[in-house]
Amino acid sequence: MPVMQGKELRIVGFLCNWCSYGGADTAGVARAEQPTDLRIIRVPCSGRVDPLFIVKALLNGADGVLVSGCHPRDCHYSAGNFYARRRLEVLKRFLPVIGIDDARFEYTWVSAAEGQRWQQVVTSFTERVHALGAAPRIEDAKPFLKVADMALKPLRTLGTGKNAPLEKLKEAIKAKLPELECVIGWQKGYDDIHTTPLFMKSAEEVDKLVWGPLNVVNTANYLSQFKGKKVGIVVKGCDSRSVVELLQENLISREAVTIFAMPCEGTLDVARVNEKLGRYTIVNAADSDGAGLLVTVDGKKHSLAMEELAQGKCRCCTHPSAVLTDVLVGDAPQAPAAAPTPPELALLDSMGLEERRGFWRGQMERCLRCYACRNACPMCVCRDHCVSDARDPHWMTQEADVVQKLFFQTIHALHLAGRCTGCGECQRACPVGIPILALRQQTARAVEELFGGYKPGFDPAAVPPLLGYEVEEQNIRETRI
Amino acid sequence: MNYAYYPGCSAKGSSADYEKSTQAVCGMLDMNLVDIRDWNCCGSTPAHAVNTELSAALCARNLDIAAQQGVQKLLTSCPSCLSNLRHAAKRMEDPAFHARVDELLDNPTALKFPAVTSVMQGMAAHCDADEIGRHVRRNLGALSLAPYYGCLMSRPAEIMDFGDPENPTLMESLLGACGAKVLEFPLKTSCCGASYGIPEREMTARLSARILQLATDMEADAIIVACPLCQMNLDLRQKQAANSADARFNMPVLYFTQIMGLAFGLSGDDLGLDKLRVGADGLLLKIEQAASAQRGSAEGGKA
Amino acid sequence: MRVIRFIQSDGFPDFLARLSRNNRVLAPVVKPAGKRSVVFEQWREGMPVILEKTTVPPKEAVLPQCETLFVCKKSKNPDNPEDVGMTLGTVPEDASTTLPTLIFACRSCDARGFAVLDRPFLKGPFADPYYKARRARLAVITLTCSTGCNTCFCHWVGGGPSSPEGSDVLMTEIEDGFVLQAMTPAGEALLESSNLADGKDIFPKAEAARKAAWASLLPAPDLKNAQQKVAAVFKNEQFWREHAAACLSCGACTYFCPACYCFNITDEGDAFEADGARRLRSWDNCMSSLFTREASGHNSRAQKAQRLRNRVSHKFSTYPENWGKFSCNGCGRCISNCPVHLDIRDVVVNALAVEDE
Amino acid sequence: MRIGVFICHCGSNIAATVDCAKAAEIAKSFPDVVYAADTMYTCAEPGQAAIEAAIHEHKLDGVVVASCSPRMHEATFRRTVERAGLNRYMFEMANIREHVSWIGKDKEANTNKTAELVKMAVAKLRNNSPLTAKTFDVTKKVLVIGGGVAGIQAALDCAEGGVPVILVERESTIGGKMAKLDKTFPTVDCSACILGPKMVDVAQHPNITLYAYSEVEEVSGYVGNFSVKIRRRASYVDWEKCTGCGACSEKCPSKKTPDAFNEFTGLTTAINIPFPQAIPKKAVINAAHCRQLTKGKCGVCAKTCPTGAIDYAMQDAFVTEEVGCIVAATGYELMDWTVYQEYGGGVWPDVITSLQYERLLSASGPTGGHIVRPSDGREPQTIVFIQCVGSRDKSIGRPYCSGFCCMYTAKQTILTKDHLPWSRSYVFYMDIRAPGKMYDEFTRRAVEEYGVEYIRGRVSAIYPDGQGRYVVMGADTLLGEQVEIKADMVVLAVGIEAARGAPGLAEKLRISYDAYGFYMESHVKLKPVETNTAGVFLAGVCQGAKDIPASVAQGSAAAAKVLALFARDKLENDPQTAQVDIRRCVGCGKCIRCCPFGAIKDSEIRGENKAQVIETVCQGCGLCTATCPQGAIQLAHATDNQILAEVNALCR
């Protein structure tokens with residue numbers, strides 16, 4: 001049913017049954033005249049409002065979405081609105097990154113007694129949406145392709161781990177191996193510049209363990225499949241943060257996992273390495289000079305300098321050493337205390353909303369929905385039960401359009417809010433190089449700003465911010481209408 | 001150590017003794033008070049009652065001068081000056097107000113003014129009780145003192161930043177550090193009548209009388225003040241107050257700097273004690289008697 | 001010898017413009033991204049073409065990632081709401097259905113992919129009409145490879161850098177230009193209708209280049225026993241568990257494979273709405289656990305080892321059993337795109353090495 | 001599905017600004033709608049009959065009514081469709097009155113909006129499924145927390161109704177604040193005389209188990225089936241053996257123990273019985289002041305005790321009780337009035353609280369009922385009473401009225417005059433709030449018969465005059481004058497706050513509390529005894545300020561609620577609860593972490609951890625559904641697909 005042309009815009013409201021829906025009733029009883037655009041969906045509690053309902057509406061033609069619940073402390077269910085406040089605030093900060101004006105979404109609190117306030121909320125929100133006009137649709141945006149500058153100056157000394165005490169690590173693993181089902185690490189892959197995960201069960205297999213900037217795969221991804229078994233894992237600093245998150249979410253138990261760590265000197269952006277080497281048939285030799293790899297392919301020598309070709313996340317890595325270990329081998333290198341805005345996010349920050357819509361349209365067009373991003377994510381714990389393919393709940397269609405693809409990325413990013421450690425595996429796994437990490441980085445930034453600098457992956461005992469609340473939120477300014 | 005100082009008009013007239021004793025005591029504590037250049041009247045009581053912006057302009061000029069001199073912290077003795085300066089600084093935080101005042105002054109004033117604070121607070125920040133104690137030369141132990149701040153020093157709390165607005169205790173700390181017995185004086189922030197001494201003489205007399213009466217009933221040897229106007233009402237007008245209460249008072253009213261100066265061994269001349277209407281001779285006598293009694297007992301002990 | 005033409009290195013824009021008059025020409029272009037990505041896109045005037053092997057194979061030209069099979073619409077009799085009429089709506093048209101498609105600068109491995117798809121879609125007892133319609137109007141100009149690469153292995157599986165299977169025209173780079181050789185009648189027609197210069201004289205140069213390319217390849221293992229050997233390890237669970245250990249169960253291998261053709265059918269939308277209900281056919285991924293999950297919840301391939309076994313067996317054992325050829329062309333994308341760098345060659349080679357029981 | 005749509009005119013309430021017939025016509029085009037009609041008054045008997053008839057005639061299996069707010073008539077129409085044989089959840093409502101016709105006059109827009117709201121309702125209904133309530137057994141036993149007069153009343157009424165009662169009291173005796181009062185208004189009868197018999201009834205009632213000196217430690221379960229762990233604090237006296245003879249207390253050498261029962265107006269012994277009428281009349285050792293327990297030597301009471309009841313090694317003990325209902329009657333505390341620096345902040349000894357004054361008035365108090373100044377033991381001549389100390393004062397964050405201070409102040413002035421006939425009393429008040437039966441007459445008596453000076457105004461400061469008296473400075477706002485009174489004693493009517501620990505208990509009970517710690521009733525007007533947790537009821541001041549009659553009434557009301565609930569052998573839940581699709585659940589526990597009611601637990605199913613909803617505890621908020629990333633837990637009747645259907649009806 002199309003909106004009334006020229007008269008109304010499509011505005012969807014989610015109102016909790018106990019307070020705001022009652023407030024809207026009270027306004028009606030008081031004959032408080034309001035614009036006619038709003039269509040109200042009654043939900044039990046503002047806490048029931050999955051932020052994805054809002055994204056779903058906004059990506060599919062809604063010009064504005066309004067959520068209203070009981071005032072803080074007045075929730076019929078005691079705390080639903082406290083959770084809602086956090087999640088909706090994160091959403092509010094997320095929407096602009098996909099090119100949706102955050103002014104099109106608002107949440108507020110209206111009690112059942114506040115008929116007048118409800119009238120004012122509806123009127124001012126409707127006026128606001130009308131001032132913005134009909135929402136532009138992402139699929140209509142002009143594709144706008146732009147590449148983030150990944151060749152940044154590193155904030156720390158990068159290296160190849162050439163002098164890392166790998167043998168010592170191997171000894172440590174061998175010593176523990178009898179108690180463990182296996183130990184997860186890396187081994188040489190199909191050639192000398194690609195590694196692949198290694199599952200060590202015997203001393204001979206431990207000898208296959210390699211260390212260096214080619215160990216890109218986040219080993220933590222494999223941990224949850226060993227739930228209930230005792231396993232070991234070799235981690236880089238970033239991998240260890242994923243381990244911490246898995247512990248926090250009870251997906252593994254601390255007793256069952258033995259963490260072996262060596263300080264990481266950085267990893268290579270394999271995609272850019274491949275690009276630099278071009279098409280080659282065979283790797284003749286590979287060595288390291290400490291500052292980079294020296295490889296000979298098809299008889300031609302290349303220098304792969306870490307400074308030039310390290311992954312974006314490694315350049316400003318604040319925790320090259322594991323944050324949680326059982327066996328730590330090697331000395332922790334110097335690391336910056338804080339990381340600047342990551343390049344992918346900085347690129348989006350530099351764009352306007354229209355450019356961002358064009359950017360995502362252009363990027364998403366080549367997505368094949370292979371879900372390598374999802375499956376490479378160590379925190380994607382739904383695994384075989386992802387909503388992307390489900391009919392119940394039926395969040396997404398199987399159509400290969402930009403809206404579905406971007407919606408999936410939004411689902412992933414919002415599900416990871418407060419949980420994503422920024423390991424970047426999603427983006428690295430993407431065969432067509434869509435810079436989807438930016439979306440996770442935006443949620444991470446929102447979470448950090450909103451919840452007292454919270455960074456996931458440091459404290460296994462911490463309450464993930466979106467699974468908790470404060471009665472008085474320090475950084476959330478509540479009433480905007 | 002040098003401190004930027006705003007003396008205020010009273011210091012050059014009616015409370016010259018406050019000024020004199022302040023300079024003397026601060027000097028002993030190694031606080032060198034340096035007047036900001038070309039200062040003008042803060043507007044005192046009348047200005048802000050007539051026009052907020054004009055009143056603020058008077059203060060803003062002083063604050064701007066201080067800012068241009070690179071002052072970080074500005075001290076002043078008089079609570080009224082302090083109140084005006086601090087109020088003006090607060091109001092000037094509003095950009096629109098700031099702009100209007102700048103227009104009045106024909107000059108844009110600084111965007112950030114120095115913090116203004118009382119000499120009393122400045123003293124407390126400068127040195128601790130032990131440091132003050134080290135300067136004590138006369139034992140004030142024989143004296144019971146009623147600390148009296150007046151109504152202005154601590155109020156309004158959000159502007160003046162002087163601790164509990166109903167129960168400030170800074171003066172007690174300073175007097176205590178000097179070895180005096182300090183009374184818990186309940187009317188320490190009550191109004192003395194302030195500038196109503198002329199238009200509402202009866203009322204002022206009644207208010208002052210209450211303070212004097214309580215101090216008398218509590219057997220205080222002196223009321224210790226920090227405000228020129230309080231001092232004037234309680235001392236100069238003591239007889240009027242007595243008449244209104246149908247009582248007789250003989251209550252010396254000293255500035256806290258004067259009593260500190262006495263403790264530090266300064267002479268009456270150094271402290272302008274001659275300016276007091278109710279003389280401090282009785283106090284000095286009591287101090288002396290106590291000292292000689294102590295000497296006597298000490299000698300007795302020797303014998 | 002069939003029709004042979006020559007094109008100068010700078011002659012492509014004219015050539016493509018001419019071809020575009022009657023065709024949807026898909027040509028490789030680079031997508032700017034953090035990771036270099038080369039994809040086929042409909043060529044338009046001024047679009048720079050890059051002669052690289054694409055990240056995404058051209059399979060979409062005949063088997064779209066998602067296609068609407070039909071649209072169903074329902075409407076009600078205004079006088080009797082119980083009387084619901086149902087009609088088939090029109091599938092929204094796009095360039096893939098309105099114009100013949102020409103793939104420019106395809107690679108041999110990808111062209112052979114079409115041959116792999118043709119067998120089940122066209123040569124079985126039932127020809128898929130959707131596939132058939134697109135396939136019938138597809139022409140492929142293949143650029144022969146001048147070298148091998150680290151991940152590709154076309155010569156292991158019956159192909160080669162200049163294998164003609166699935167191609168209408170083979171294009172080979174020589175000094176300052178390319179030789180185009182028609183391999184099918186369609187290819188002949190295509191070249192004849194062009195205004196390119198004749199290239200018969202310099203064809204030997206092309207042949208030499210192709211030979212050089214062959215010569216640059218690393219030696220290939222003998223896969224003549226692969227079908228039987230892979231079938232033989234079918235029940236060796238340990239074998240598959242080890243090889244699948246690092247697998248993430250994503251679709252990077254299958255979706256980027258020019259010869260994978262499994263699909264899923266879903267219905268979306270509402271027949272009462274303006275856009276109707278759509279029956280969609282979209283790519284499916286046998287590495288996903290959902291692939292074999294039944295409505296009951298039972299899953300015959302719940303383990304990723306079982307799924308890897310299926311994928312490799314299908315390519316090297318069961319498909320050959322049905323059609324006599326591998327359904328792997330050795331393009332190597334499943335290796336290069338794998339997030340954890342798994343290598344299907346290892347699986348096959350290791351299967352060959354397993355001693356028969 | 002076969003859906004029927006009914007568009008209500010509501011007389012002219014809707015029809016005046018909505019074209020109902022047109023909306024019904026449009027509704028016919030919606031999927032699965034086989035019948036649509038507009039009716040004059042859908043909720044009236046003929047309207048409901050029409051729905052029932054249509055269900056039968058058109059074989060409807062779902063109904064949409066577009067009319068007023070579902071908050072008004074959803075229950076009505078659910079019963080209607082149920083009468084016609086449908087499941088009550090196969091019904092949806094579109095609110096076209098409060099949300100459409102009453103708030104806009106543009107008929108075209110309203111009609112369009114009506115059609116869209118109906119379309120959303122139809123879309124949701126197409127995703128509905130029948131839901132049925134589950135029944136479960138009830139443990140017919142009640143826990144009463146707090147042994148003040150409200151708790152005592154609730155306990156006695158329940159016990160009389162035949163229900164076993166567990167009464168938990170934190171102090172060593174029941175009686176609460178009322179036991180500390182001398183007399184009660186407006187009858188000026190002896191508090192102990194009217195409360196005492198009730199306390200004895202509690203002690204003697206066969207249905208009541210009293211745990212004094214005990215606290216609720218943990219609460220789990222749900223209405224009908226709560227499990228409560230109670231901490232019995234160590235009293236160091238074996239109450240089985242203690243006869244309450246008091247010999248220990250007479251001999252105890254630690255005689256400078258602060259006397260909490262007497263509001264610290266006097267001293268007592270380290271082992272004592274708070275007052276002669278205590279129930280249970282058992283001794284308790286104050287561990288902080290007992291020489292044996294602090295210094296390890298003394299043991300006088302153990303030697304003295306004729307029954308050998310003293311046990312210095314006693315530890316806290318725990319008991320667990322299974323109950324079906326809980327009554328919270330935790331009462332109140334006086335707020336910390338020492339924030340009032342201008343009243344001396346607790347420094348002047350003769351400025352005391354009203355409750356301390358009660359103890360001075362009481363014959364069983366530390367002065368034997370003589371009003372004397374704590375500072376010097378002299379009888380005061382002039383007493384100033386100040387009301388609203390910590391009530392109705394936003395400046396210290398206490399905006400509420402404490403309710404009963406006006407009345408007891410009047411009572412205290414009257415008693416003062418009785419005790420000290422030559423004394424003068426002054427009362428500073430803001431307003432006199434005396435709305436109860438005989439209350440206003442009572443305050444008037446204080447003024448008119450007892451000559452108490454009521455001064456309307458606040459006191460700005462109290463200070464000692466240096467001569468042993470206090471100057472009370474205030475304003476008389478009726479005369480517009482400043483007032484100064486030289487008083488010998490000042491009594492502050494200190495405002496109340498929720499009992500210490502009330503929020504913590506609320507969290508155990510999973511009920512809400514306001515910013516001041518008072519428990520939230522389910523509805524301010526219509527459900528003043530219920531809470532948002534089924535089976536937990538409120539009595540007395542824990543819910544908000546009230547006097548003795550109101551507390552007793554609410555105690556009885558809570559008991560009535562308990563008895564009504566226990567009148568049934570089985571309870572039914574609301575089937576709108578969360579349901580777990582165990583195939584989709586990965587056991588990550590995010591839902592468990594968020595659930596405000598503890599209604600989801602981790603359970604092992606075939607070796608895997610899965611979430612399991614305790615349907616009787618689930619309140620249906622849906623927070624878990626919004627939390628679960630894979631949508632494995634779905635709130636029935638508000639599932640993702642149901643809400644998505646509504647979103648999709650609007651946005652596609």
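As a basis for the values below, the full set of heavy atoms in this structure was taken, side chains included, without hydrogen atoms, waters or symmetry mates. The shown structure was predicted, so the numbers you read here are calculated from the model rather than taken from an experiment. Proteins come first, then strands; the chains are lettered A, B, ... in the order of their sequence lines, and each starts at number 1.
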Output yes when [X] and [Y] qualify as a salt bridge under the 4.0 Å nitrogen-oxygen rule, no when they do not.
{"X": "D/Glu98", "Y": "A/Arg31", "result": "no"}
{"X": "A/Arg42", "Y": "D/Glu646", "result": "no"}
{"X": "A/Glu249", "Y": "D/Arg593", "result": "no"}
{"X": "A/Lys7", "Y": "D/Asp106", "result": "yes"}
{"X": "D/Asp640", "Y": "A/Arg48", "result": "yes"}

Which one wins on heavy-atom pair count under 4.5 Å against chain A: [options]?
{"options": "D/Phe597, D/Tyr513, D/Trp102", "result": "D/Trp102"}
{"options": "D/Gly104, D/Cys594, D/Ser69", "result": "D/Cys594"}
{"options": "D/Gly631, D/Ala645, D/Pro70", "result": "D/Pro70"}
{"options": "D/Asp602, D/Val586, D/Asn641", "result": "D/Asn641"}

Per-residue contact mode, A/Val49 against chain D (heavy atom under 4.5 angstrom): backbone
Contact class of A/Val43 relative to chain D, heavy atoms under 4.5 angstrom: side chain
Exam field: side chain A/Asn250 to backbone D/Lys590, donor-acceptor pair closer than 3.5 Å: no
Sidechain-backbone polar pair: D/Arg71 side chain, A/Tyr21 backbone, donor-acceptor under 3.5 Å: no
Any side-chain donor near an acceptor of the partner, D/Asp581 and A/His385, under 3.5 Å: no
